[in-house]
Number of protein chains: 2
Amino acid sequence: MEARRCFSDEGYDGTSLNDIAAGVGIRRASLLHHFPSKEAVYQAVFERALSDWAIRIEDAIERPTAEGWDYVEQVLTTVVYWFAENPDFVRLVRRESLAAANDHLGFDLGEALRPWFQQAVNYFDREMGEGRFRKHDPEQLIISGYGAILNYFSEVHFIHSLLGRDPLAEDALEAWLQHILAWFRTALEP
Amino acid sequence: MEARRCFSDEGYDGTSLNDIAAGVGIRRASLLHHFPSKEAVYQAVFERALSDWAIRIEDAIERPTAEGWDYVEQVLTTVVYWFAENPDFVRLVRRESLAAANDHLGFDLGEALRPWFQQAVNYFDREMGEGRFRKHDPEQLIISGYGAILNYFSEVHFIHSLLGRDPLAEDALEAWLQHILAWFRTALEP
DNA sequence: CCCTACCTACCGACCGGTAGGTAGGGCAAC
DNA sequence: GTTGCCCTACCTACCGGTCGGTAGGTAGGG
């Protein structure tokens, strides 16, 4: 969907139906022929984005091609590349979780991601319990890791300005991924 | 400033001058008697927020009451409590660095924070060079740590929904701080 | 007497949404 | 094969409401 770019670039309030309609080459009234309201457009965009993400993540999680640390590395790498390839998604999610404190839409991102979160917590609990990973609070670990990773992609502009180079360039991204993996590995190694 | 709450809660586009004026008990026209435009109000709010932060951070950095890991722990703790006590600030900064990719204002948050960033990079370089910390890329380390910490406070609603408890409650915050400190410590210990 | 702070009243622009009209493709009846 | 019909997709034109900003007036204190 083209509208995803608008909402993720300008936010819900900053995007007018005219912007979206112009982006796909029709008029506002024609856009409202396909969606009953602006909120419905946003909802469709957001659910589609979440669903795209879910497909990719499920694929990486379900496939047990590795175990122990290699499995964690595989999932983290998949997530990182997904974020790198879908910057709009990252910004959309960021905006949504910022706006969620008010109302905006009935969305509860936490509720949507909770199953995966629980799955990850259970995984770490099991692995830590069997001594394959160093003991941590899995909830804290996942939240901090998620924050560190998501932040890199939602603050691309800021980091670019800090470092003076494009953090999404291929070599920079690869170096950062290795850094994140090393960080997790250091924390998880028994 | 009261307006900070509006901008951080609703964003620039989502905040009208009427909202701000009503919040301080005057009319919009009276607000525009003190500021030439809405952008000027926002600019004042943002610069004031940055300046508040700068004061607190400078204070924590300049005072060499500790060294080695204790110094890092002191600075991290200061930052965390500042964020916890100023949720508006966190959300404002988050919104700004999301919006910065377009235009919105001439703000360059990266430029504003670069001196501190460089200072921190130099500090870690020195300490790592002298073997007091394990070797890492200091830039990556700082960016990841900043991301993990900032994320916790900008996604309070999301984390609340994930965990089912308030992440800003005193005990939860303290537990999280200990987790973050442990994480950094594990990464930095030689 | 003027200056500051505040007010009401207004402006043009743009917003989301609706009403109503039209061009054209698919399809059944003749 | 032609005719008539309907449905989908799109359009222009308009609505009430809100936006940021301005003009001009007033009350009150130094």
Side-chain angles (χ1 to χ4, degrees), chain A residues 1-50 88 91-109, chain B residues 1-50 88 91-109:
Chain A
M1 192 81 71
E2 148 75 18
R4 184 187 298 190
R5 196 193 51 76
C6 296
F7 280 129
S8 65
D9 279 359
E10 313 284 346
Y12 185 83
D13 291 317
T15 298
S16 80
L17 292 181
N18 278 327
D19 296 338
I20 302 173
V24 295
I26 60 175
R27 306 283 170 157
R28 182 179 68 256
S30 310
L31 179 63
L32 285 167
H33 171 72
H34 300 277
F35 297 91
S37 70
K38 181 183 181 182
E39 282 206 357
V41 178
Y42 179 79
Q43 185 144 356
V45 163
F46 195 79
E47 284 176 354
R48 169 62 182 272
L50 264 190
D88 287 353
R91 297 155 62 78
L92 193 69
V93 166
R94 256 274 186 276
R95 290 205 131 96
E96 179 55 30
S97 53
L98 265 176
N102 320 327
D103 44 349
H104 185 244
L105 268 182
F107 268 120
D108 189 338
L109 193 59
Chain B
M1 192 80 71
E2 149 75 18
R4 183 187 298 191
R5 197 193 51 76
C6 295
F7 281 129
S8 66
D9 279 359
E10 312 284 348
Y12 184 83
D13 291 316
T15 299
S16 79
L17 292 182
N18 278 327
D19 297 337
I20 302 174
V24 296
I26 60 175
R27 306 283 170 161
R28 184 179 67 256
S30 309
L31 179 62
L32 285 168
H33 171 72
H34 300 277
F35 298 90
S37 70
K38 181 183 180 181
E39 282 206 357
V41 178
Y42 179 78
Q43 185 145 358
V45 163
F46 195 79
E47 284 175 354
R48 169 62 182 271
L50 265 190
D88 287 353
R91 296 154 63 77
L92 193 69
V93 166
R94 254 278 132 72
R95 290 206 130 95
E96 179 55 30
S97 54
L98 264 176
N102 319 328
D103 43 350
H104 186 243
L105 268 182
F107 269 121
D108 189 339
L109 193 59

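Just so it is clear: chains get the letters A, B, ... in the order the sequence lines come, proteins before strands, and each one is counted from 1. Just so you know, these numbers use all the heavy atoms, side chains as well, and skip hydrogens, waters and symmetry mates.
In this entry the distance linking CD of E39(B) with C1' of dG21(D) reads 13 Å, nearest Å. The nearest whole Å value for the distance from the CG atom in L31(B) to the C1' atom in dT22(D) is 14 Å. Atom C1' of nucleotide dG20(D) and atom CG of D13(B) are separated by 12 Å, given to the nearest angstrom. One interatomic measurement links the two molecules: OH of Y42(B) to P of dC19(D), which rounds to 19 Å at whole-angstrom precision. Protein atom CD1 of I20(B) is 13 Å distant from nucleotide atom C1' of dC19(D), rounded to whole Å. At whole-Å resolution of the value, OH in Y12(B) and P in dC19(D) are 13 Å apart. Atoms CD (E10(B)) and P (dC19(D)) sit 12 Å apart, rounded to a whole Å. Note: CG (L17(B)) to P (dG20(D)) measures 4 Å, nearest angstrom.
Taking only side-chain atoms of S30(B), from C-beta outward, the nucleotide of dC7(C), dG17(C), dG21(D) with the closest atom is dC7(C). The side chain of K38(A) lies closest to dG17(C) when the candidates are dG17(C), dG21(D), dT12(D).
Side-chain nitrogen and oxygen atoms of H33(B) include at least one within less than 4.0 Å of the OP1 or OP2 phosphate oxygen of dA5(C). An OP1 or OP2 oxygen of dC15(C) is reached within less than 4.0 angstrom by a side-chain nitrogen or oxygen of N18(A). For the pair S16(B) and dC19(D), the criterion of a side-chain N or O lying under 4.0 Å from OP1 or OP2 is met. When the side-chain nitrogen and oxygen atoms of R28(B) are compared with OP1 and OP2 of dG21(D), none of them lie within a distance under 4.0 Å. Dashed line: the shortest gap from a side-chain N or O of H34(A) to OP1 or OP2 of dT8(D) is not under 4.0 Å.
Between V41(A) and L32(A) the shortest side-chain heavy-atom distance does not fall below 4.5 Å.
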Can you give me the N/O atom pairs linking the protein to nucleotides 24-29 of chain D at distances under 3.5 Å, or say none if there are none?
none

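I26(A) comes within 4.0 angstrom of the backbone, heavy atoms only, and of no base.
In this structure, F7(A) and Y12(A) have parallel ring planes: the angle between them is below the 30° cut-off, well short of the 60° mark.
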Based on Watson-Crick and G-U pairs with both distances under 3.5 Å, what dot-bracket line describes DNA chain D 5' to 3', crossing pairs as [ ] and inter-strand pairs as |? ||||||||||||||||||||||||||||||

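Partners of S16(B) under the side chain to side chain donor-acceptor pair (under 3.5 Å) rule, at least two apart in sequence or in another chain, are D19(B).
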